[in-house]
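Here's the structure, in structure tokens; my notes come after.
Position 1 is the first residue of the sequence; numbering continues from there. First listed ligand is number 1; within each ligand, the first listed atom is number 1.
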Amino acid sequence: MTKDVFILNSSDGSESIELPVESGAIGPDVIDISKLYEEKNVFTYDPGFVSTASCHSKITYIDGDEGILLYRGYPVEQLAKSSHFIEVAYLLLYGELPNKNLLNDFSSSITHHTMLNEGMLRFFNGFRYDAHPMAMLSAIVGSMSAYYHDTMDINSVHAREIFAHRIIAKLPTIAAAAYKHTVGQPFVYPRNDLGYCENLLHMFFSVPAENQEIDPVAVEALDLLFILHADHEQNCSTSTVRMAGSSGTNPYSAIAAGISALWGPAHGGANEAVLRMLEDIGSKKNIQKYIAKAKNKDDPFRLMGFGHRVYKNYDPRAKIIREMCHKVLNQKGRNNSPLLELAIELEEVALNDPYFIEKNLYPNVDFYSGIIYQALGIPTSMFTVMFAIGRTVGWVAHWREMIADPSGKISRPRQLYTGQPERDYMSLDNRA
Ligand code: CMC
């Protein structure tokens with residue numbers, strides 16, 4: 001809704017432009033600068049997009065100052081307490097909570113799309129035994145475009161629907177295949193009698209010779225983590241999916257681009273980095289040393305799992321994960337997990353340190369999640385893959401929203417050129 005105008009004046013007063021101001025359902029107003037270049041021949045400059053809204057979206061809302069996260073209007077705390085991942089996936093994709101029939105149909109469709117083309121399973125043999133699972137994940141998801149040709153037409157609503165169910169269903173299968181490759185075990189096929197998270201644990205930990213008993217607390221913990229990872233509006237990987245998808249590329253390539261963006265330690269790769277950091281710190285007596293490193297501008301070290309572009313308050317997801325951490329460790333009979341105790345002490349010290357207070361640096365979603373994954377027996381290198389499984393739902397929801405938007409354009413930012421002005425080519429003989 002356009003409600004107002006914003007008047008921008010040049011410093012000498014010779015130029016002025018009225019820019020429309022749009023209000024969303026909640027949150028800050030947005031100044032529409034799309035006509036600025038056409039009318040005034042200037043660009044705006046906003047590295048990292050800290051003040052730039054790139055799209056209209058109805059999917060997720062974050063109030064970073066208050067620590068609020070809503071999926072389609074529902075507080076994430078309520079969904080974490082009362083819903084489950086497949087229902088949340090439906091909500092994010094279709095905008096409303098499903099009734100019983102719709103949920104059964106959706107859940108059954110996901111269950112019946114979990115198998116991976118057999119030819120694709122053989123790809124894993126081409127990777128080194130120590131290949132990072134995120135490298136395998138992005139490669140395999142990208143190569144789905146070479147297998148599932150029936151879903152390449154982005155203008156077909158039906159094809160988009162099949163793609164959405166297929167990618168959400170197959171991510172755990174691909175993740176499990178990547179895991180099995182790293183541990184040198186045979187791939188374990190999905191089972192249609194199991195739920196989404198049960199199936200994932202089955203594919204990870206069963207072997208052809210023996211089915212692994214599935215721990216209900218592990219299922220509950222994974223389901224919760226997937227809910228909390230499912231979407232986070234225009235984060236780096238989701239924006240990457242939208243940007244890649246805006247060129248009209250096939251959806252598997254767009255999701256593979258998102259997976260690559262997620263891998264970085266400033267984004268989803270932080271969960272792996274947190275665990276490695278806690279192991280490096282090793283004991284409570286070293287905490288002050290690492291806090292000092294994090295505060296030292298000349299040291300590239302950052303406290304992993306702390307800080308967020310949007311949250312200037314406690315990340316609501318971190319609070320929920322922290323509670324689940326205790327539940328999982330208690331159930332595993334590990335009331336005294338040294339890693340969890342170290343994390344709690346580190347959090348306490350950081351939250352009382354003036355540097356972290358002034359900069360509003362709080363634990364984020366990645367601070368405690370790795371401790372849960374580790375307690376479930378999932379290796380550190382798989383942590384970001386687990387994040388990707390949950391976030392796939394958000395990527396798909398945003399990709400669908402973008403494709404269906406009739407005002408959509410290819411994403412194409414401009415720049416402030418600071419290189420050489422035009423000059424003439426000089427032959428090799430004449431160069432100094
Ligand atoms: N440790 C120490 N200092 C920090 C940290 C940290 N973890 N995070 C931010 N700062 C400082 C930073 O040095 C800067 O100081 P100054 O203003 O003096 O230059 C100030 O706080 C603002 O930081 P920024 O890098 O300008 O903020 P940003 O919004 O660009 O970055 C962030 C956000 C998440 C990349 C950053 O906080 C960070 O690198 N955190 C550690 C990595 C991490 O946990 N990432 C997971 C993010 S949440 C899940 C996800 O997105 O996947």
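When the salt bridge (Lys or Arg N to Asp or Glu O under 4.0 Å) test is applied to K180, no partner is found at least two apart in sequence or on another chain. With sequence neighbours left out, N192 forms a side-chain contact (heavy atoms from CB on, under 4.5 Å) with T111, H112, T114.
Between F124 and H181, the ring-plane angle classifies as tilted under the 30° and 60° cut-offs. Ring pair H165/H113 is perpendicular by interplanar angle, where above 60° counts as perpendicular and below 30° as parallel.
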What short N/O contacts, under 3.5 Å, does ligand 1 make with the protein, listed by atom pair and distance?
residue  : atom   : partner : partner atom : Å
ligand 1 : 1 (N)  : L303    : N            : 3.1
ligand 1 : 3 (N)  : Y355    : OH           : 2.9
ligand 1 : 7 (N)  : L303    : O            : 2.7
ligand 1 : 7 (N)  : F306    : O            : 2.9
ligand 1 : 13 (O) : K297    : NZ           : 3.2
ligand 1 : 13 (O) : R302    : NH2          : 3.2
ligand 1 : 15 (O) : K297    : NZ           : 3.4
ligand 1 : 18 (O) : K297    : NZ           : 3.1
ligand 1 : 18 (O) : K359    : NZ           : 2.7
ligand 1 : 25 (O) : R302    : NH1          : 2.9
ligand 1 : 25 (O) : R302    : NH2          : 3.0
ligand 1 : 29 (O) : R309    : NE           : 2.8
ligand 1 : 30 (O) : R309    : NH2          : 3.0
ligand 1 : 39 (O) : R302    : NH1          : 2.9
ligand 1 : 40 (N) : F306    : O            : 2.9
ligand 1 : 44 (O) : G305    : N            : 2.8
ligand 1 : 44 (O) : N364    : ND2          : 2.9
ligand 1 : 45 (N) : A266    : O            : 3.0
ligand 1 : 51 (O) : H267    : ND1          : 3.0
ligand 1 : 52 (O) : H267    : O            : 3.3
ligand 1 : 52 (O) : H267    : ND1          : 2.7
ligand 1 : 52 (O) : G268    : N            : 3.3

Could you list the donor-acceptor pairs under 3.5 angstrom formed by side chains in residues 240-254, with sequence neighbours left out?
residue : atom : partner : partner atom : Å
T240    : OG1  : C236    : O            : 2.7
R242    : NE   : Q234    : OE1          : 3.1
R242    : NE   : H398    : ND1          : 3.3
R242    : NH2  : H398    : ND1          : 3.0
R242    : NH2  : E401    : OE1          : 2.6
S246    : OG   : M243    : O            : 2.7
S246    : OG   : S411    : N            : 2.8
S247    : OG   : A244    : O            : 2.9
S247    : OG   : T249    : N            : 3.4
N250    : OD1  : Y252    : N            : 3.0
N250    : OD1  : S253    : N            : 3.0
N250    : OD1  : S253    : OG           : 3.3
N250    : ND2  : S253    : OG           : 2.9
Y252    : OH   : T151    : OG1          : 2.7
Y252    : OH   : R166    : NH1          : 3.4

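Here the CG atom belonging to L339 is positioned 9.5 Å from the CD1 atom belonging to I281, to the nearest 0.5 angstrom.
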